[in-house]
Each structure stands twice: as structure tokens, then as C-alpha cells.
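Step one of this worksheet: look at the structure below.
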Amino acid sequence: MKKPIITPTGRERSFAEDEIIVSKTDLKGIITYANPVFLRVAGYTENEILGQPHNMIRHPAMPRCVFKLLWDTLEQGEEIFAYVINLCKNGDHYWVFAHVTPSFDEVGNIIGYHSSRRVPERKAIEEIEPIYKMLKEKEDSYPNWREGMNDAFETLVSHLESQGLRYDQFVFAL
Ligand SMILES: Cc1cc2nc3c(=O)[nH]c(=O)nc-3n(C[C@H](O)[C@H](O)[C@H](O)COP(=O)(O)O)c2cc1C
């Protein structure tokens, strides 16, 4: 199915502090499971979401370089924590603090991925939003998206190095 073009409304949605938005994917990021909180907040039915690529809820404000970091980390068999802004079916958005991990079989092969997300603190969103905006503007300043992503990725990494932090330490410091 072709990804529908959804225009962001600028309206924010949230979810309760004791709720967790869960999804699972195969190795390519195709959604194989979404819990009821996911469906409610994103505004999709299970039929609409299962079998679709996870970029179905990608928000245009998300820098590509953050997803590069996510996939590079997961494919090395490691977990990652990240702030993500997602797009609902009707164009509203919601921020999450995601913990994404590979799932392994009994001999240690990666067989899929799993994400659990909680509602982030407002203070963290306020700190991450301008950083994502700066990274996104850098990416968009290149005619070639891959070059833009790589440059923004280097900016992200040097931003972290300047603070003496790994990405996971950085997100927890927010
Ligand atoms: C388990 C898992 C959960 C993911 N959750 C999200 C998500 O909530 N929002 C999102 O935009 N991308 C998510 N992604 C990343 C997407 O697969 C994709 O890389 C991203 O949306 C960028 O899409 P693009 O590569 O088509 O630009 C997730 C990936 C995995 C493996």
C-alpha cells in the first residue's frame, strides 16, 4: 500500500503516565503487533496498521539521522532510548520516550524489534525539540538527502561528544 500523505494539524495528543504504547516489528520494520494504547493514540485500527512499515506514523519534523542512529544501534544487537514525535492518522501528533530493543531467538539471532513508549516529561520535549529542528534544517539544506542525513548525524554525534555523553546518557540527562 502506498503511504498516504497526512498533513500535520499542529494539534498535540497525549496519553496517561501509566500507559505504555507498544509495537513490534519484523527485521525490516514492518509492524507485526500494536497494543490498544498504540491504536487509540495513533488513531488506527489493527487492520490498518498490521503489515505496514513503521514509518506509517513518521512525523515530518523527525530528523532522519535519529532513525539512522536507531537502526545502526538495533542492528548491532543493542537497545536504544529515544524521543520521537509521531503523526496520528488525522494529522495530530504525540511525543514519546521510546525504548527500542532487538528480540533474539534461542541462539542469539535477531528475529525482530520491540518498542515500548512512555509519555515524556514536558521539560525533555522542550529541550529536544530545538535540537531536532536544527538537525532537520541541516538535513533539508542538502539537495541529496543521504548527504544531509550524514552531516546531521555527525552534528548529533559531535553535539553529544561535546557534552561527554553517549546518546542514551544524553536522553536521560534531559
Ligand atoms: C520497533 C520499532 C519501532 C519504531 N517506532 C517508530 C515510531 O514510533 N515512529 C517512527 O517514525 N519510526 C519508528 N520506527 C522507525 C521506522 O522503521 C523508520 O525507520 C522511520 O519512521 C523513518 O522512516 P523512513 O526511513 O522511511 O524515513 C521504528 C522502528 C522499529 C524497529
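Each ligand, and each atom within it, is numbered from 1 in the order the structure gives.
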Notebook entry, point to check: Looking at Trp95 versus Phe15, is the centre-to-centre ring distance below 6.0 Å?
Noted result: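 No, they do not, as the ring centres are separated by 6.0 Å or more.
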Under 4.0 Å to a heavy atom of [X] - the qualifying atoms of ligand 1, by number:
X	result
Ile57	7 (C), 8 (O), 9 (N)
Asn86	7 (C), 8 (O), 9 (N), 10 (C), 11 (O)
Val100	1 (C), 2 (C)
Tyr113	1 (C), 31 (C)

Is any N or O atom of [X], backbone or side chain, closer than 3.5 Å to an N or O atom of ligand 1?
X	value
Arg58	yes
Thr25	no
Trp71	yes

Next item on the list: Starting from atom 4 (C) of ligand 1, find the nearest protein heavy-atom neighbour and note its residue, name and distance.
Entry: His54 CD2, 3.4 Å
Notebook entry, point to check: Starting from atom 12 (N) of ligand 1, which protein heavy atom do you reach first, and at what distance in Å?
Noted result: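 Residue, atom and distance for the closest contact: Phe67 CE2, 3.3 Å.
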Do [X] and [Y] have a side chain donor and acceptor closer than 3.5 Å?
X	Y	answer
Glu161	Ser158	no
Ser23	His54	yes
Asp92	Thr9	yes

salt_bridge([X], [Y]) N-O dist < 4.0 Å:
X	Y	value
Arg122	Glu12	yes
Glu48	Lys89	yes
Glu129	Lys133	no

Margin query: Is Met56 close enough to touch ligand 1? Criterion: a residue heavy atom under 4.0 Å from a ligand atom.
Written below: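 Heavy atoms of Met56 never come under 4.0 Å of ligand 1.
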Note to self: Is the contact between Arg117 and ligand 1 made by the side chain, the backbone, both, or neither, using heavy atoms and a 4.0 Å cut-off?
What the structure shows: side chain
Item checked: Part of Val96 with heavy atoms under 4.0 Å of ligand 1, whether side chain, backbone, both or neither ->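 Val96 to ligand 1: no contact under 4.0 Å from either part.
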Item checked: His59 and His93 aromatic ring geometry - parallel, tilted or perpendicular at 30°/60° bounds ->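 Answer is perpendicular, since the angle exceeds 60°.
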Check: Out of Ile21, Ile30, Leu27, Asn55, who gets a non-hydrogen atom closest to atom 24 (P) of ligand 1?
Finding: Asn55
Checklist line | Exercise check, heavy-atom protein proximity under 4.0 Å to atom 26 (O) of ligand 1 | finding: yes
Next item on the list: Identify the two heavy atoms, one from Ser103 and one from His114, that lie closest to each other, and give their separation to 0.1 Å.
Entry: OG-CB, 4.1 Å
